[in-house]
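A short worksheet on the structure shown next.
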Amino acid sequence: MKKKLALILAGLLCIGSFTACASSAPAPEQEDAGSSKGKDKMVVAISEEQKEFFGPAVGKYCKLHPETEIEIEIIPFIDNQPTEKMEKNRKTADDMQVQVLAGKGPDVFILDKENRVFPDMIKSSYNGVFLDLNPVMDGFKSLPLNQTVLKAGEMDGKQYFVPLGYMLAGIAMADDMIGDWKPSSAQPDEFLKEAANHAGVENFRSECSLKNYLPGLFGTPILDYEEKSITFSKELQDLAKLAAEGPQYTLEDAPELPDVVNLGDSVSSGFERMIQQSFASGTDIKFLPFPNGADGTNAQVNVFAAVRANSAYAAQAGEFLTFLLSDEMQSGSDAFHAIPVNNNAVVPAYQERFTFGSEEYEKEAAKKAEELFQITQQVTTARFCQYENSLLYKIISMGTENGSIEEKLDDLKNELRFYFDE
């Protein structure tokens, strides 16, 4: 029975990440949140996938601050489909990037890990694209922000972008399968093997959920911009090899798996649905975050904001970002799908997500939300690492048919040898 429960309720999950699917929204457009045309306005660029939340947020801000007029510019979602719409979207994103590099374009950017305008936020920050926000962050001081996560946007003492939300990768399984067990290894690959062995399964499904954020499980970056070096640690290579070669469970291999779990799913809805259904069954679900190899857990920033370096609206932008980090804006059930950076918002946000608008399991949802909050307080490192993740994703997905993982990583190093001089 325990083995069956392990199969049913154990799976790789990523809490708080965004759904990676093409949007059906109309073509990019501009919307006025202010009232008078012809006057100068602060332009806020928002990723298309985030406009449903941050678009109305701009409207709320303008009602509170009628002295500030804001124009919204949507950054279109881009995928690999060879369609006319995607070509148009790519051109829009490319044109915006050219504008910003020329010192023009939007004043404020609200982006997520899917953004194509600045895919490598760290490099863009070092290249002087964004404003150092330290002088305009006074409003942040009164907010209960997760300081570890906040520092992910800091380079050399300068705050180039502000994390708004983050995600934690880990494994969820039934509490009676965990018992008093605690993993002995601080390395992600050994942790995964130990958890699978303890749960009585051969291995967890190594699908895109692990491959998508594999480098981000570690607190140490691959790309060092100060030293202009690229380093793939042995621990990262071991995990990459496990992800590429490890056995997988599929629905065909285990037909008894019900819809309560979406094995390998990296979107937050999979974890939320698992928790919701566990209430009705009376099964307690525990979440075990991946270790970062250094006696802690690493948070991956997946929604963030930045301000153009020469923007004339620095003060207004600082006030606007403070508003976005407030308890109210980060705790609503319709907020972006991420763990809020504001610590006060974590429990109320996830309590609503776990109940899905129902009052039936409010106490149970509050308990699970508090457990998640306690896990967020264990975070010892946080990074924006989407560029690293995307670099390794294709290598891991290719497997080892045409060479070992070590050889493929060496090839990647050679391809990137001119990267720091671009």
Side-chain angles (χ1 to χ4, degrees), residues 1-2 4-19 53 143-146 148-149 164-183 195 198-199 257-263 265-290 297 299 302-303 325-379:
M1 180 64 182
K2 285 191 173 184
K4 184 175 181 180
L5 273 175
L7 285 169
I8 292 175
L9 296 172
L12 282 174
L13 293 163
C14 182
I15 300 183
S17 63
F18 287 93
T19 307
F53 174 74
L143 297 174
L145 305 182
N146 187 313
T148 300
V149 177
L164 299 175
Y166 61 100
M167 58 186 183
L168 297 176
I171 298 172
M173 67 171 73
D175 181 51
D176 66 350
M177 296 306 303
I178 298 176
D180 296 328
W181 172 76
K182 292 182 180 180
H198 178 78
L257 287 173
D259 292 335
V260 69
V261 148
N262 203 347
L263 283 180
D265 198 354
S266 65
V267 300
S268 63
S269 59
F271 178 69
E272 291 168 14
R273 185 169 57 250
M274 183 180 186
I275 295 296
Q276 290 162 12
Q277 296 191 24
S278 73
F279 297 152
S281 66
T283 303
D284 192 20
I285 303 297
K286 296 295 184 183
F287 181 78
L288 304 175
F290 270 93
T297 298
N302 60 349
V303 59
L325 288 167
S326 65
D327 293 9
E328 177 188 0
M329 294 309 298
Q330 291 233 317
S331 62
S333 61
D334 60 344
F336 49 90
H337 289 291
I339 299 176
V341 173
N342 184 320
N343 284 330
N344 281 351
V346 177
V347 172
Y350 271 88
Q351 182 177 355
E352 290 197 40
R353 294 180 201 179
F354 290 158
T355 57
F356 201 62
S358 170
E359 297 181 359
E360 186 175 2
Y361 297 109
E362 279 191 351
K363 290 184 179 179
E364 292 88 344
K367 178 183 176 183
K368 301 314 294 183
E370 179 63 33
E371 285 181 10
L372 174 61
F373 172 72
Q374 295 303 324
I375 291 174
T376 68
Q377 301 309 291
Q378 299 169 18
V379 169

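Fair warning: this is a prediction, and the values are worked out from it, not measured in the lab.
Of all heavy-atom pairs between Phe287 and Ile375, the closest is O-CD1, 3.5 Å. What you find for Pro340 and Val346 is that their closest heavy atoms are O-CG2, 3.7 Å. Minimum interatomic distance between Ala299 and Tyr166 (heavy atoms only, all atoms of both residues): CB-CD1, 3.5 Å. The two residues Lys286 and Ile178 make their nearest non-hydrogen contact at CB-CD1, 3.3 Å. The heavy-atom pair separating Ala338 from Val303 by the smallest distance is CB-CG1, 4.2 Å. Residues Met167 and Asn302 share a closest heavy-atom pair of SD-ND2, 3.7 Å.
Side chains of Gln378 and Gln374: no donor on one and acceptor on the other come within 3.5 Å.
Remark: Glu370 CD is packed, more than 12 non-hydrogen atoms of other residues, nucleotides or ligands lying under 6.0 Å away.
Side chains of Trp181 and Leu288 form a contact here, defined as non-hydrogen atoms less than 4.5 Å apart. Using a 4.5 Å heavy-atom cutoff, the side chains of Glu360 and Phe279 are not in contact. Contact of the Ile275 side chain with the Arg353 side chain is not registered, since no non-hydrogen atoms from C-beta on lie closer than 4.5 Å. Contact check for Pro144 versus Asp327: side-chain heavy atoms found under the 4.5 Å cut-off.
Looking at Glu364 and Lys367, no side-chain N of the basic residue comes within less than 4.0 Å of a carboxylate O on the acidic one, giving no salt bridge.
Looking at Leu145, Leu143, Ile339, Asn342 one by one, the single match for side-chain contact (heavy atoms from CB on, under 4.5 Å) with Gln330 turns out to be Asn342.
With rounding to the nearest 0.5 Å, the separation of CD1 in Ile171 from CZ in Phe290 is 5.0 Å. From Glu352, atom CD reaches atom CD of Glu362 across 9.0 Å, with rounding to the nearest 0.5 Å. The line from CD of Gln377 to OG1 of Thr148 is 8.5 Å long, rounded to the nearest 0.5 Å. The distance from atom CD of Gln351 to atom OG of Ser331, rounded to the nearest 0.5 Å, is 11.0 Å.
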